[in-house]
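Every number for a ligand or one of its atoms is a count from 1 in the order of the listing.
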Amino acid sequence: MLYGGIEAGGTKFICAVADEKLHIIKKISIPTTSPKTTFEQVFKFFDQYPIDALGIGSFGPIGIQPNQKNYGHILTTPKEGWSGVDFLGEMEQRYNVPIAWTTDVNAAAFGEVKRGAAKGKRSCIYLTIGTGIGGGIVVNDEIFQGLSHPEMGHLYIKRDPDDIYQGSCPYHRDCLEGLAAGPSLEARTGIKGEKLSLNHPIWNLQANYLAQALMSYTLILAPEVIVLGGGVMNQDHLLKKIRHQFTTLMADYMETPRIEDYIVPWGLANESGVIGTLLLAQKEFKR
Ligand code: ADP
Ligand code: ZN
């Protein structure tokens with residue numbers, strides 16, 4: 001029994017094959033270029049293995065309603081050449097196996113619930129803070145989706161009055177993603193996030209914006225745990241600052257678990273997504 005998983009990001013596609021116990025046998029990273037070239041590489045990899053099911057977690061937005069024409073497609077995206085691509089269709093044509101289809105962050109949320117920092121929880125929010133900000137929700141072992149998949153990175157937050165940065169979201173400018181995703185760190189300071197000193201004041205602003213968002217998610221969904229991942233969360237001190245600001249902002253309004261158990265770092269660092277897609281492949285196969 002072999003499961004395949006694709007975590008499809010805007011910069012790279014991570015493809016993996018795992019055995020029935022979900023031990024990864026082989027994993028590769030393919031740069032996201034044109035759809036044609038990227039898919040050729042994906043096929044070249046999976047053609048080597050007789051997979052029994054496939055899980056895909058794709059960058060979005062994506063069509064998730066099975067009864068709609070755009071199901072399985074990547075919708076309008078700033079990523080050159082990818083708008084309208086029938087991702088799921090391409091895979092279905094090549095591999096005649098059950099295929100699970102969701103967003104990259106939903107897959108990561110699923111991975112974290114099954115194998116990571118949210119293991120054993122019935123409800124979890126996973127938020128990635130990287131090139132963009134995006135989140136996924138799992139409730140009772142199912143990925144939550146409604147009309148579409150949630151777009152938790154684009155909510156509005158209260159701006160710091162001293163913050164003059166216009167924001168970088170191409171749609172809303174100063175939504176959370178526009179104000180607090182990785183690129184905003186460099187846009188504000190001229191220094192890449194990775195290189196910023198630990199005592200730079202920007203980290204307090206960053207923590208404040210993220211804490212505001214986590215407060216909103218908490219008030220709306222009251223999950224059992226919030227898992228944070230993505231490149232920016234490699235800054236360990238940031239987690240502490242977010243927890244502190246969250247506690248202050250919440251002002252004891254709502255009872256949440258001990259903060260160290262409530263806002264937690266990813267348990268499957270850099271692998272939540274790909275492991276999630278393998279778990280979803282397994283789930284689809286068993287269905
Ligand atoms: P992606 O979101 O493209 O999948 P990442 O999650 O690695 O990739 O996020 C990349 C973004 O995170 C970039 O904006 C980068 O500058 C920022 N970043 C990566 N590592 C760090 C770090 N250690 N500290 C702060 N920012 C970082
Ligand atoms: Zn936005």
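- The closest protein non-hydrogen atom to atom 17 (C) of ligand 1 is V232 CG2, 4.0 Å.
- The proximity of T11 to ligand 1, defined as any non-hydrogen pair under 4.0 Å, is limited to the side chain.
- By the 4.0 Å N-to-carboxylate-O rule, E7 lies too far from K27 to be salt-bridged with it.
- Closest protein heavy atom to atom 9 (O) of ligand 1: G130 CA, 3.2 Å.
- V232 and L176 fall within a single hydrophobic cluster, where Ile, Leu, Val, Met, Phe, Trp and Tyr side chains are chained together by heavy-atom contacts under 4.5 Å.
- For ligand 1, the atoms closer than 4.0 angstrom to any heavy atom of G193 are 24 (N), 25 (C), 26 (N).
- Scanning all protein heavy atoms for the shortest distance to atom 3 (O) of ligand 1 gives T131 OG1, 2.7 Å.
- Within a 6.0 Å sphere centred on CD of Q93, other residues, nucleotides and ligands contribute 12 heavy atoms or fewer.
- Within ligand 1, counting atoms from 1 as listed, the ones closer than 4.0 Å to a heavy atom of N234 are 20 (N), 23 (N).
- For atom 24 (N) of ligand 1, the closest non-hydrogen atom on the protein side is Q235 NE2, 2.7 Å.
- A salt bridge does not link K192 with E194: none of the charged nitrogens is closer than 4.0 Å to a carboxylate oxygen.
- D141 and K283 are not joined by a salt bridge, as no carboxylate oxygen comes within less than 4.0 angstrom of a charged side-chain nitrogen.
- More than 12 heavy atoms of other residues, nucleotides or ligands sit less than 6.0 Å from atom CD of Q48.
- Remark: of the listed residues L54, I24, L2, L2 is the sole one forming a side-chain contact (heavy atoms from CB on, under 4.5 Å) with V17.
- Taking a cut-off of under 4.0 Å to the non-hydrogen atoms of P183, the atoms of ligand 1 that pass are 14 (O).
- Proximity of K192 to ligand 1 is not established, as no heavy-atom distance is less than 4.0 Å.
- Atom 7 (O) of ligand 1 has as its closest protein heavy atom G231 CA, 3.7 Å.
- Each of the atoms 6 (O) of ligand 1 lies under 4.0 Å from some heavy atom of G230.
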Trace of the side chain to side chain contact (heavy atoms under 4.5 Å, CB included) decision for I226 with Y126
CA-CA 6 Å; I226 299 178; Y126 170 82; over 6 Å; no
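- Between the side chains of Y209 and D163, a donor-acceptor pair is found at a separation under 3.5 Å.
- Only protein N, O or S atoms were scored, and 4 of them lie under 2.8 Å from the Zn ion (ligand 2).
- The protein non-hydrogen atom at the shortest distance from atom 16 (O) of ligand 1 is E194 OE1, 2.9 Å.
- In this structure F39 satisfies the ring pair (Phe, Tyr, Trp, His ring centres under 6.0 Å) test together with W82, F87, sequence neighbours excluded.
- Between E90 and R94, none of the side-chain N atoms (NZ, or NE/NH1/NH2) sits under 4.0 Å from a carboxylate O, so this pair counts as no salt bridge.
- No side-chain donor-acceptor contact under 3.5 Å links K240 and H244.
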